[in-house]
Amino acid sequence: MPTVTYVLPDGSNQTITTASATSVMQAAVAHQVPGIIGECGGAATCGTCHVYLDRSTETFLPPGDDEEAMLEWTASPRADNSRLACQLRPSNDAAQLVVRVPAEQQ
Ligand code: FES
């Protein structure tokens with residue numbers, strides 16, 4: 001099963017084993033990872049699941065138009081590795097991801 005490590009703004013981290021095709025946002029909300037809100041439920045319209053994708057053994061498609069547009073409005077600055085966690089769904093059972101949670105989401 002895929003694992004996702006969330007690195008929090010204070011430097012601590014939380015690693016979650018999740019099911020394939022579960023989004024990085026859904027896994028975070030289900031395990032109460034601080035700083036991942038997911039207000040819109042995964043529709044790419046709130047930006048409260050912004051993460052910096054620091055490492056992944058899974059290759060994701062680049063952001064689609066909706067994600068690109070929303071990433072312009074995130075509370076913390078957009079970076080080259082910014083993604084919406086609701087749009088990241090590891091499909092590989094052996095996938096290992098590391099994402100950094102930004103200091104602000106709203
Ligand atoms: S949950 Fe709203 S943009 Fe990802």
Side-chain angles (χ1 to χ4, degrees):
M1 296 173 84
T3 63
V4 184
T5 297
Y6 301 85
V7 180
L8 304 178
D10 68 1
S12 64
N13 64 69
Q14 192 171 339
T15 298
I16 292 172
T17 300
T18 184
S20 293
T22 297
S23 78
V24 172
M25 178 278 286
Q26 289 171 317
V29 170
H31 291 84
Q32 300 173 335
V33 174
I36 305 283
I37 300 166
E39 204 168 81
C40 73
T45 58
C46 71
T48 63
C49 67
H50 178 208
V51 293
Y52 303 106
L53 179 60
D54 278 2
R55 197 168 62 234
S56 176
T57 56
E58 171 119 11
T59 304
F60 294 104
L61 292 172
D65 291 345
D66 290 349
E67 185 177 358
E68 277 289 347
M70 194 65 248
L71 285 169
E72 296 300 322
W73 296 96
T74 53
S76 290
R78 180 180 183 171
D80 288 346
N81 61 344
S82 284
R83 296 299 304 253
L84 296 179
C86 64
Q87 304 302 302
L88 299 176
R89 294 178 183 275
S91 59
N92 178 348
D93 261 357
Q96 295 181 330
L97 281 67
V98 177
V99 298
R100 261 185 314 119
V101 178
E104 291 180 66
Q105 290 286 26
Q106 294 180 316

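In each ligand, atom 1 is the first atom listed, and ligand 1 is the first ligand listed. The first residue of the sequence shown is numbered 1, and numbering continues consecutively from there.
- Residues Gly42 and Cys86 share a closest heavy-atom pair of CA-CB, 3.6 Å.
- Within ligand 1, counting atoms from 1 as listed, the ones closer than 4.0 Å to a heavy atom of Gly42 are 1 (S).
- With hydrogens and angles ignored, the 3.5 Å screen pairs a side-chain donor or acceptor of Gln105 with a backbone N or O of His50.
- Tyr6 places no side-chain N or O within 3.5 Å of a backbone atom of Pro34 that could act as its donor or acceptor partner.
- Rounding to 10°, one obtains 110° for the angle at atom 2 (Fe) of ligand 1 between SG (Cys46) and SG (Cys40).
- The ligand atoms of ligand 1 that sit less than 4.0 angstrom from a heavy atom of Ala44 are 3 (S).
- When rounded to 10 degrees, the angle formed at atom 4 (Fe) of ligand 1 by SG (Cys86) and SG (Cys49) equals 100°.
- Among the atoms of His50, no N, O or S atom is found under 2.8 Å from atom 4 (Fe) of ligand 1.
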Arg89 and Glu58: salt bridge (charged side-chain N to carboxylate O under 4.0 Å, His left out), yes or no, with the steps? CA-CA 9 Å; Arg89 294 178 183 275; Glu58 171 119 11; over 6 Å; no
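- For the residues Ala43, Gly38, Gly47, the heavy atom positioned nearest atom 1 (S) of ligand 1 is part of Gly38.
- Put simply, the side chain of Thr48 gets close to the backbone of Gly38: a donor and an acceptor are under 3.5 Å apart.
- Side-chain N or O atoms of Gln87 include none that pairs as donor or acceptor with a backbone N or O of Pro63 at under 3.5 Å.
- Listed by atom number, the atoms of ligand 1 under 4.0 Å from Thr45 heavy atoms are 3 (S).
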